[in-house]
Amino acid sequence: MSDRSIRSFALDYYRKRGAEIRELADEAFEIQEAQGAALKVTFAHEAEAPLTATSPQWRAILEDLTADVAVSYRYLAAGAIARPARTLEAAMPEGWAVSSAKLLDAENRVAVGLTHRVTFDSPALNACTEVIHHHLWDVNEERRLTSFESKLYDLPCIMIRPERLPDEATVQGLLGRSLAAVDEASDARGREIERELAEMLSEAEKRTNQYFEQQLGNVLQREVQLAEKLDGTIRRMAEARTPEAVARYRQDGESLARQLEYARANREAELGTVESACHAKLGQERDKHELTATTDLVALCHASYDVLTYRATVTSPDGFEANWVLRYWPVSGELQLPACQACGHALVAPVSIAGGGFACGACVAACKGCGTRSLGLTGAPCDVCAGATCTGCETRCTHCDAVSCTEHAQGCATCEAAVCVRCASHCHACNEALCQHHARLDVHSGRTACDRHVPIEAPRPAPRAIEKTVPAPRPATVMLAAAVLGERAEPTDSSLADLLAAAENSGVEHLFVRPDPVYSVLSGRAMHPKLAETCPCCQGQFAVQEMVDCPTCCTPSCLTCSQGEAGPCPACDALAPAEADDEHLALVFAQFPELARGRRRWEIAVQGPYVLAHWSRLGTWGMVVYHQADQCVLTAFAFGRMETVRQTLKGWWAS
């Protein structure tokens with residue numbers, strides 16, 4: 001295939017010189033110039049000596065045009081539009097329909113076409129590389145018409161001069177912008193050629209260094225050879241048996257000694273000469289592999305074209321109808337839609353919005369729940385999927401206050417309270433969603449159950465804070481002990497005042513009151529208050545066997561709040577950066593003075609009565625956990641660099 005831009009450009013060049021052109025077969029042309037000379041030009045790459053971007057004939061054309069920049073005039077012609085509605089619909093986004101269109105205005109525009117040639121040359125290259133850039137700029141709007149540039153010399157045109165020509169200042173301004181765009185586009189090609197030259201330079205420097213290293217070795221080797229010859233001559237002189245042989249060896253040894261002394265005296269000078277020659281040769285290679293880029297203005301063209309303005313009735317894919325004013329470029333088939341109501345630019349992938357109107361697809365947010373599209377959704381994004389929500393579909397979790405869309409929000413089967421998917425539990429029997437206040441523990445199977453599927457023999461816990469009520473207090477059971485007789489009496493439940501009066505009338509000296517039992521929030525079973533533990537996260541009362549220690553910080557939490565081996569506890573998740581002067585670190589520094597020395601990064605979390613202090617420094621880290629009320633340290637550990645690496649690798653392997 002041939003380059004249509006080069007073919008159109010070259011043929012246009014010969015036509016303007018008054019030549020007659022006759023087309024032959026296989027993209028070949030016979031050109032009869034006005035001076036009488038005739039030549040044959042072919043543009044097929046597979047042919048012999050084609051006219052391409054690297055051929056001498058193309059270079060001659062460009063040099064002729066560059067010597068005196070030629071200004072050409074072109075009117076970009078377009079065919080008649082018989083059915084504008086169908087023509088506009090073909091240029092509309094997919095799914096949009098145009099039922100009618102009426103022409104409002106036909107505006108003739110002027111553009112400036114600039115053709116630049118960028119030449120990349122280097123003495124190390126076998127041939128220079130040339131790149132042609134065609135830029136077309138609209139004079140009124142001063143923007144590039146990129147849809148025209150590749151077709152500038154292929155579009156049907158009439159060689160007529162536009163009625164209105166841009167002034168020199170406008171052309172110079174567009175020329176500067178075009179040069180900046182050419183330089184930016186040429187940087188990538190220049191870097192590619194520079195990488196090739198850098199590889200060639202590396203090979204040349206390697207060969208040069210090897211050659212001169214050999215020369216340096218020859219200088220030192222000659223000195224070593226003279227020393228070896230001198231030693232051999234001295235040895236043979238000592239072994240000689242005749243005076244004539246001794247005299248001959250002595251004469252040879254004296255000559256070798258003079259040569260060795262001269263070589264040693266001139267060693268540094270010869271080495272310096274070799275090094276200077278090496279540096280000079282390397283400098284020559286660098287100059288030889290230097291890239292030179294030259295940008296020339298090849299041609300300047302004034303092109304005129306028409307822009308049509310229509311009033312059209314359009315219908316969106318979802319059935320909404322609107323009357324739009326559309327601008328259409330017949331020569332390129334480009335259609336400019338009206339402005340977006342959000343960004344103010346021409347619509348891109350338009351969609352209809354709530355309340356009427358249209359906007360760009362990227363400017364519109366669709367509610368994850370009801371699908372309503374609007375320019376700005378008032379609801380907060382979902383914390384699970386980050387999907388946008390409207391005010392009507394925004395749901396907040398009653399436990400963690402996180403925002404959820406309709407897809408990631410669930411309702412408790414007992415109280416219908418909204419919970420997110422991260423806080424919701426599910427009954428093992430019916431898979432109904434449960435909030436943390438109504439998730440029961442099946443003590444027989446150890447799984448979560450709802451009220452309907454908790455075994456009958458397992459007492460149900462009293463309702464918790466979501467109903468804003470507390471369990472009704474049970475009357476105390478009183479044991480009366482007689483001081484002398486040792487008799488006991490357990491009267492029926494009654495008020496404490498009646499029991500005290502009965503004890504006084506009976507002459508009882510000691511009164512023992514058994515405290516009310518505490519009921520587990522999880523299982524509902526009764527416990528002695530001293531055997532109950534409070535979860536620092538949810539503040540609920542639980543049995544000892546219903547509490548779990550965090551594997552990281554050893555802070556206890558209930559089975560509902562704890563994640564067990566699946567991850568850190570809520571206290572570890574709540575760690576936040578803190579300064580060394582934080583009041584919670586006073587007890588840590590009092591117990592461990594060495595932690596107060598050096599710069600450490602501290603993170604603190606307060607969970608009920610427990611304080612977690614996490615620190616890290618230069619690859620080491622540790623944690624201190626203490627009880628605020630008792631002022632005692634519960635957990636303290638530290639890991640060095642190797643243990644940190646081992647734990648990191650262990651975590652990667654487990655994941």
Side-chain angles (χ1 to χ4, degrees), residues 1-78 111-122 125-136 145-161 178 182 185-186 189 193 293-305 331-332:
M1 295 298 293
S2 64
D3 191 330
R4 295 184 60 86
S5 296
I6 292 179
R7 183 178 64 181
S8 302
F9 193 92
L11 295 179
D12 192 23
Y13 166 78
Y14 287 116
R15 287 192 189 98
K16 291 181 179 180
R17 291 168 58 91
E20 295 182 2
I21 301 175
R22 186 167 64 90
E23 185 174 0
L24 304 178
D26 299 329
E27 298 192 18
F29 296 84
E30 183 181 4
I31 300 175
Q32 184 70 37
E33 294 187 341
Q35 296 81 0
L39 68 154
K40 182 180 179 181
V41 177
T42 179
F43 298 95
H45 289 285
E46 60 273 9
E48 184 178 357
L51 197 156
T52 62
T54 58
S55 61
Q57 193 171 0
W58 176 252
R59 174 185 284 274
I61 293 174
L62 295 183
E63 288 179 352
D64 181 41
L65 294 174
T66 307
D68 185 14
V69 177
V71 180
S72 61
Y73 304 101
R74 306 167 69 92
Y75 171 72
L76 306 180
V112 174
L114 301 168
T115 302
H116 288 90
R117 179 187 63 200
V118 181
T119 305
F120 300 96
D121 196 6
S122 176
L125 297 175
N126 296 329
C128 62
T129 302
E130 294 182 346
V131 181
I132 301 297
H133 296 272
H134 296 295
H135 291 172
L136 190 65
L145 303 173
T146 53
S147 58
F148 293 0
E149 290 175 351
S150 60
K151 308 175 184 178
L152 178 60
Y153 294 100
D154 295 331
L155 289 170
C157 63
I158 304 174
M159 303 302 175
I160 60 176
R161 180 172 178 172
S178 183
V182 169
S186 302
R189 180 57 178 162
I193 298 177
T294 306
T295 303
D296 298 319
L297 177 62
V298 175
L300 175 64
C301 172
H302 293 292
S304 60
Y305 60 96
V331 291
S332 65

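Numbering of residues begins at 1 and proceeds along the displayed sequence.
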field: For Ile21 against Leu11, the heavy-atom pair lying closest together
entry: CD1-O, 3.6 Å
Spacing of Glu20 atom CD and Tyr14 atom OH [to the nearest 0.5 Å]: 15.0 Å
Between NE2 on residue His116 and CG on residue Leu297, distance to nearest 0.5 Å: 4.5 Å
- request: Please report the C-alpha distance between Thr42 and Leu51 in whole Å, then the side-chain angles of each, then the deciding distance to 0.1 Å, and finally whether the side-chain contact (heavy atoms from CB on, under 4.5 Å) criterion is met.
  value: CA-CA 6 Å; Thr42 179; Leu51 197 156; over 6 Å; no
Ion pair Lys40/Glu30, N-O distance below 4.0 Å: no
field: Heavy atoms of other groups near Gln57 CD, more than 12 under 6.0 Å
entry: yes
query: Does any non-hydrogen side-chain atom of Leu39 lie less than 4.5 Å from one of Glu33?
result: yes
query: Once you round to the nearest 0.5 Å, how far does CG of Leu114 lie from SG of Cys301?
result: 9.0 Å
field: Worked verdict on Ser186 versus Phe120 for side-chain contact (heavy atoms from CB on, under 4.5 Å)
entry: CA-CA 9 Å; Ser186 302; Phe120 300 96; 4.0 Å; yes
- request: Determine, stepwise, if the pair His134 / Thr115 fulfils side-chain hydrogen bond (donor to acceptor under 3.5 Å, both in side chains).
  value: CA-CA 5 Å; His134 296 295; Thr115 302; 3.1 Å; yes
task: Evaluate the criterion side-chain contact (heavy atoms from CB on, under 4.5 Å) for residue pair Val118 and Val182; output intermediate values, then yes/no.
output: CA-CA 8 Å; Val118 181; Val182 169; 3.5 Å; yes
- prompt: Just wondering, do His302 and Arg161 contact through their side chains at under 4.5 Å, heavy atoms?
  reply: no
- prompt: For Arg189 and Thr129, what are the C-alpha separation, side-chain angles and deciding distance, and is it a side-chain contact (heavy atoms from CB on, under 4.5 Å)?
  reply: CA-CA 10 Å; Arg189 180 57 178 162; Thr129 302; 3.6 Å; yes
query: Would a line drawn from the ring center of Phe43 to the ring center of Phe29 be shorter than 6.0 Å?
result: yes
query: Going by atom types only, do His135 and Ser178 share a side-chain donor-acceptor pair under 3.5 Å?
result: yes
field: Arg7 CZ to Asp12 CG distance, which is reported to the nearest 0.5 Å
entry: 13.0 Å
N/O donor-acceptor pair under 3.5 Å between Glu149 side chain and Leu136 backbone: yes
